[in-house]
Amino acid sequence: MKPAKFDYYCPKTVDEALALLEEIGFDGKIIAGGQSLVPIMNMRLSTPEYLIDINQLKDLQFIELDGSKMKIGALTRQTEIEMSDAVRKHLGLLSEAVPYIGHVQTRNRGTFGGSLVHADPSAEIPLSLMALGGTLHIASKEEVREVNVEEFFVTYLTTDIMPNELLTEIHVPVPEGRTGYSFHEISRRHGDFALVAAACQLSIDDQDRISKVRLVLGGVDAVPLLITDASVMEGEHLSAPLLNKIADMVDEAVNPESDLHATADYRRHLAKQLAVRTVKTAYERARGENNERS
Amino acid sequence: MNGSGKVILNAGIEKAWDVLLNPQALKNCIMGCTKLEPVEENKYEAVLSIGIAAVKGKYESTIEIADIQKPNHYKLIVKGEGGPGSVEATGAVDLVPIDENTTELNYTYDAEVGGKVAMVGQRMLNGVAKLIIQDFFKKFNKELAKSEQSV
Amino acid sequence: MSKVIGKRVTRVEDKRLLTGQGKYIDDIGTPPNTAHAAILRSPYPHAKIISIDYSEALKIPGVKGVVTGKDVQPLLNPFSVGVSAPVKYYPIAIDKVRYVGEPVAVVVAKNRYIAEDALEKIKVKYETLEPIVDIERALEEGAPILHENVGSNIANHRTFHYGDVDKAFQQADRIVKHRFHFPKYSATPVETYGIIAQYEESTDSYTIHANFHGPFVLHSIMAGALKVPSNRLRIIIPKDIGGSYGIKAGIFPYIVLCSVVSRLVGCPVKWIEDRQEHLAASSSCTDRVTYIEAAVRNDGKVLGLKMKIMDNVGAYIRAPEPACLYRNHANTTGAYDIPNLMLDAYAVMTNKLPTGLIRGYGGQETYFPLERIMQMIADELEMDPADVIRRNLIKKEQFPYKTASGGVYDSGDYEKAFDLLLKTGKYEEFRKKQIEARKKGKLLGVGLAVIVEPSGSNMGYITIALTPEERKAGLPKSGCTEAATISIDPMGNVNVRISTTPTGQGHETVASQIVSEILGIPHDKINVVAELDTATSAWSIASGSYSSRFASMGSSAVYYAAQKVKRKLIKIAAHLLQIDEDSLTIENGQIISKTDPSKSISIKRVAGSAHWNPLSLPEGMEPGIYETAYYTAQAEPPDDNDLINSSITYGFVADLVTVEIDPETGEIHILDYYTVHDAGKLLNPLIVDGQILGGLVHGLGGAMYEELVYDDKGQLLTGSFMDYLCPTATEIPRVTIKHIETPSPLTPLGAKGLGEGNTMSAPVVIANAVNDALKPYGVIIDSLPITPNKVWSMINQSTKQGVSS
């Protein structure tokens, strides 16, 4: 399990990296944490001619609160997010999701941006960002463009990013008012890929009616699946009939596959279970109840 | 792995049939097909450069069209071998006329994936197979539209 | 004499292992011209090799050579194996491949990177053939045949009739029967196989370094395959092996492959296996289908058993198979007094990875149907499973107990251990809790399993694969020989050389404890050498670490060698002190008179005399202190009635597991795992508990997580740790271990082997617990691993009421 030959570059600045990408991006790969890339290179499933190591681009490692949004650099390590008080306070959903990612050792290397660009349909960070909403800043030599998270994920392991582009930072709106969140996943072992995962971020008004809700499911489609019909909850109190409606909605929306670890039917069933569970918990938390971490 | 599906084609059954079995159209529709050359009647040699994310491979393939029952039914047998793995797939295609400009295409497939990709890629395989097939039919409707124009 | 044996002594190995100073195969220095091998492996489960073109591979700079089956065949014999079916097994495919991962070509290059670059340039043309992986279908008419010259997929088949099975079944009040399936899974040591092979043309000999650990009967098999006299195949085992759990016995084909590659390419060859190779192409346990029938009396007593067992040995049957079928032959009826037994045993070949030793070795496959059927009997008779177990357990007065198939259980008190288990696990209390929980819609379950843990394999047992007539035509095998050497050097310091090739079990520590107690020297002053060199160590065909034999056999060899040294020291001391031998004893480094403590002499002085002043020794005594003891227990070959005591000592393990199942998601939560062990005299309780926990977690793997999955076309689907799931620290449940000790009368220290027990019992006790929890749904668990998906499907498909919340 040794990788094929490659040329290795280690730019010191973002501009240097972008210039390199313009030149060799199409036959190369960016390496950050390497937790996904290195194994597939060692197995020779991936044989990029060039590796562009961006671990020296410290300018891309930051967590900043800027008014009503959180700015997170793409190179920020997952551990940094896990340990960040600011994230715990303002983006609780993300804080709850990160401990599910692999293990402590892999989180020390894995990055926020890397997980987004890798776009595994069961991954926790893409799911959380979808639930929170946000924009991704993508730079190339020529320009910087912004993409909404809803447009970013295209299909399995594929995003809107072009080979000559670099994800630099992500801006996430900070939920305000009476908000609640919940993240949960079911996996075979601790730290494994989720069989199914769910993330819910919602707000309620002063009458406890749901004013805004985003419910996202992972592991049930080619991308993190935003349940758009969930907006039917808006204006309602949470009730048993409403939760049943959500379960039915999820049943309609999901398109899971069968694999070695779980059948499509089981995934579908879990998706419904987790959707109901996370919506319920998020609602309770918005009301100030149920502050136990899952 | 196996699967089935249904696609609506924006052409009459005769037209759909002709384009389906046209090698140039096939080359344009099969993902990553850089070469498609006939070696025998109804048998082609092809090179498919398929990449899903970082996993790219060049697959030396043979594509055989069999069990031809114009214009309703045929079988497609695809065998490909590349670095990341190999595939041997049989697909059955059935065409049902809806009206003079619409045809329903029903397909079933049975694919055996081997090699590295089968040993480590089980989580993604079914989904990726569906992706490749959906991609084929998306491109195929475009081909149909193109051939309409050229007529 | 200060007591050291039986103490919780911390391991002498740990300091080096925990500070990165272990010496493993990859740490060993190699000759400067050593090249590195990479293996091209078959992507197909069953195919003819039409052609191999490696001309492009040879052009890559740094490539020293490429070797294929055609090059290798003239230099090798196929491996000999203990069955009469003429299966030809070479370490590389010759004209056909029969499993995914089978070696097809070997590239030798300056480094592994270049070697793998070259692999990509080798073009192999295959003609695929129909594969077969299902055990029962492989036996049907018209199934694809793997070995044309064998004519069927049966590698071995024997039937055994013990007692009067027909009568037992006539007398029974009812017959309880079922079909069970046990999965194919592996042991996954952190360290994979490693070999440094060197052929020396000047002596036509091979020198191999490898992390192989026996059984050393395989040395003869390797020498036979390489067509060299056995003293021209030198195998050297490194000091440290990073775990094995049996699987590294299966390295022997690769040793032969690397040896012959070294010869063909003309330089030493180093090969370190990677994880993908290990999962696909090293070794594994058998998957097994069992049809079991129990003749039962209405009071729960089992009068007789019929078992049809079909083991899938993979694409080639290779030594020491079909030991998978027969290692537990003597203890097939487990802990129960069942004198009537019919066994119909098949070793079947299919297009899967060939099998070999693994922790438990056939035990988990045997006890899964046995302990499950005991629970099913209880369910049918509406009795508590604990009562059915008690009704059938062998009683204390019956020891030594002769089993139906010829086993002799040396000692035990099964009822005492079982009672301790139920008390520790608060069984009665849990049953009450379970009833209350069901009313609330909660699924609690408790499982029981009792098993007999054999240790110290009788080398004669493997010939049970042959009929009595076939055995008569060959040479008999018997015993379980192990050797140890103890020497004292001119400065009075002790070296101990063992041949049990430890793979992390702490043999160095226990050996030093034994020698320390016998020679009265502090154990940390004793140097134990675990490296084995077939040219210089004392070893025999049974040497190695497998079958939990260190505590029973290895320790005995050390004990007797130490006694020899003690006797010599006392003889010399008696001569030097001019007093009677019988009045002397050893303690605290001194040989001292029991009656007059002023008469003493240090061991250092005595040993020194043997080296520096040999003329002062008693008349006729050899100089130096260097004693080797070869030890065997009375382990006889099978008799003409196919009775065989397949192991030497037999321990006992009783498990109780409680679970809770989430009916919504099918998730299984293990609440508690209680296990009671009787392994005779424990030599080091600290090491023992570590071993037990390790075996338990390995068994947990088979119960709920691990499986080498092949699809029905023979494709391996679990080729990496993403999909082959080993339990990690977070999956380990709360475990409570208790011990009782009924010493073995057969070993000098009363010790029995252990370490495999819970690997054999955990799969079935967890299955029993889950089955018990799901009782309201009327499901029967008869295959593993049990996953939440399967549990949820079973609940969903059940037609019974289940539990209401």
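Keep in mind the model is a prediction, meaning the values are calculated, not measured. Below, chains carry the letters A, B, ... as their sequence lines are ordered, and counting in each starts from 1.
Between the CZ atom of B:Arg123 and the CD atom of A:Glu257 there is a distance of 12.5 Å, given to the nearest 0.5 Å. In this structure, NZ in A:Lys29 is found 7.0 Å from NZ in B:Lys56, a value given to the nearest 0.5 Å.
Contact count against chain A (heavy-atom pairs under 4.5 Å) is highest for B:Asn126 among B:Ile52, B:Asn126, B:Leu125, B:Val120. Ranking A:Ala222, A:Ser258, A:Gly219 against chain B, the residue ahead of the rest is A:Ser258, based on heavy-atom pairs under 4.5 Å. For the options A:Thr155, A:Asp221, A:Thr159, heavy-atom pairs under 4.5 Å to chain B are most numerous at A:Thr155.
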query = Can you check side chain to side chain contact (heavy atoms under 4.5 Å, CB included) on B:Val117 and A:Leu45, steps first, answer last?
reply = CA-CA 8 Å; B:Val117 123; A:Leu45 286 169; 3.8 Å; yes
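Counting heavy-atom neighbours within 6.0 Å of A:Glu151 CD, excluding the residue itself, gives a total above 12. In B:Lys35, the NZ atom is crowded: over 12 heavy atoms of neighbouring residues, nucleotides or ligands sit closer than 6.0 Å. The number of heavy atoms from other shown groups lying within 6.0 Å of CD (B:Gln69) is above 12. In B:Lys79, the NZ atom is not crowded: 12 or fewer heavy atoms of neighbouring residues, nucleotides or ligands sit closer than 6.0 Å.
Closest approach of A:Pro121 and B:Met124 over heavy atoms only: CD-CE, 3.9 Å.
Residue contact with chain B, scored on non-hydrogen atoms closer than 4.5 Å, involves the side chain of A:Ile40 exclusively.
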